[in-house]
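Report on one structure; see the data block that follows.
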Amino acid sequence: MEIFSKELKDTDVRVRFSFPTHCLEHLDFAGSNFVDLRVKDSCGELRVIRCLKRNGDYEKPVLSRGWLKFVADYGLRVGDKAVLLREDDHSLGSQFRIEARRRIVLFGGEAWGEVTRAT
């Protein structure tokens, strides 16, 4: 199940990644203002990415610690897309899967292709 899909902006690739507030319903903060998400990436590796939410009336969530390493590992840039999916992997201990996608133009048509790890 897809939780969010977002084209990356400059702040997303340089500082932190913000995503829609309605996605908070899929996360368990257990009374805290942050949760460490155990996320499986496209290579099947476990990553821990911290999700913070602002206190107060506007709880805008952001991915912080661990996010910029994901950006660097996959060579992400403005205009690429990040997708977070709900996917339990009991053997890995993850509850989510994160994908990176890049716009591809072929023969005048446009599609999104999966980005693999930068070497």
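In terms of heavy-atom proximity, Leu76 sits nearest to Ala100 at CD2-CB, 3.5 Å. Shortest non-hydrogen contact noted between Gln95 and Asp88 is CA-OD1, 3.5 Å. Closest of all the heavy-atom pairs between Tyr74 and Arg47 is CE1-NH2, 3.8 Å. Contact between Gly75 and Asp80 at its shortest, heavy atoms only, is O-OD2, 4.2 Å.
Put simply, CG on Leu24 and NE2 on His22 are 9.5 Å apart, with the number rounded to the nearest 0.5 Å. For the atom pair CG (Leu85) and NE2 (His26), the distance works out to 11.0 Å, reported to the nearest 0.5 Å. Distance CG/Asp41 to CZ/Phe70: 6.5 Å, rounded to 0.5 Å. For the atom pair Glu59 CD and Lys53 NZ, the distance stands at 4.5 Å (nearest 0.5 Å). Between Cys23 atom SG and Lys60 atom NZ the span is 8.5 Å, to the nearest 0.5 Å.
Salt bridge Lys69/Asp73: present, at least one basic N to carboxylate O contact under 4.0 Å. A salt bridge is absent between Arg38 and Asp89; no separation between the charged side-chain nitrogens and carboxylate oxygens falls under 4.0 Å. Between Arg103 and Glu7 a salt bridge is recorded (basic side-chain N to carboxylate O distance below 4.0 Å).
For the pair Arg86 and Phe96, the cation-pi test (distance below 6.0 Å, angle within 45°) is passed.
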Next on the checklist: Would Lys40 and Glu45 count as a salt bridge (Lys or Arg N to Asp or Glu O under 4.0 Å) here? Give the steps.
Outcome noted: CA-CA 5 Å; Lys40 181 170 72 172; Glu45 293 183 28; over 6 Å; no
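Using a 30° and 60° split on the angle between ring planes, Trp67 and Phe17 fall in the tilted class, from 30° to 60°.
Val39 and Val13 fall within the same hydrophobic cluster, defined by Ile, Leu, Val, Met, Phe, Trp and Tyr side-chain heavy atoms under 4.5 Å apart, directly or through other members. One hydrophobic cluster holds both Leu8 and Leu68 under the rule that ILVMFWY side chains link at heavy-atom gaps under 4.5 Å. Clustering ILVMFWY residues whenever any of their side-chain heavy atoms sit less than 4.5 angstrom apart, transitively, puts Leu84 in a cluster other than the one holding Phe34. One hydrophobic cluster, built from ILVMFWY side chains closer than 4.5 Å, cannot hold both Phe4 and Val83; they sit in different ones. Put simply, Leu27 and Leu63 are part of the same group of oily side chains (I, L, V, M, F, W, Y) that touch within less than 4.5 Å, one to the next.
Side-chain contact between Val48 and Arg50: absent, with no pair of heavy atoms (C-beta onward) separated by less than 4.5 Å. Side-chain contact between Lys6 and Ser18: present, with at least one pair of heavy atoms (C-beta onward) separated by less than 4.5 Å. By the 4.5 Å heavy-atom criterion applied to side chains, Val62 and Cys51 are not counted as neighbours. Contact annotation: the side chain of Ile49 never approaches that of Arg65 to less than 4.5 Å [non-hydrogen atoms, C-beta and beyond].
Crowding of Arg102 atom CZ: a count of heavy atoms from other residues, nucleotides or ligands under 6.0 Å exceeding 12.
A donor and an acceptor atom, one from each side chain of Ser94 and Glu87, are nowhere located under 3.5 Å apart.
With respect to Arg14, the side chain to side chain donor-acceptor pair (under 3.5 Å) criterion is satisfied by exactly one of Asp10, Thr11, Asp12: Asp10.
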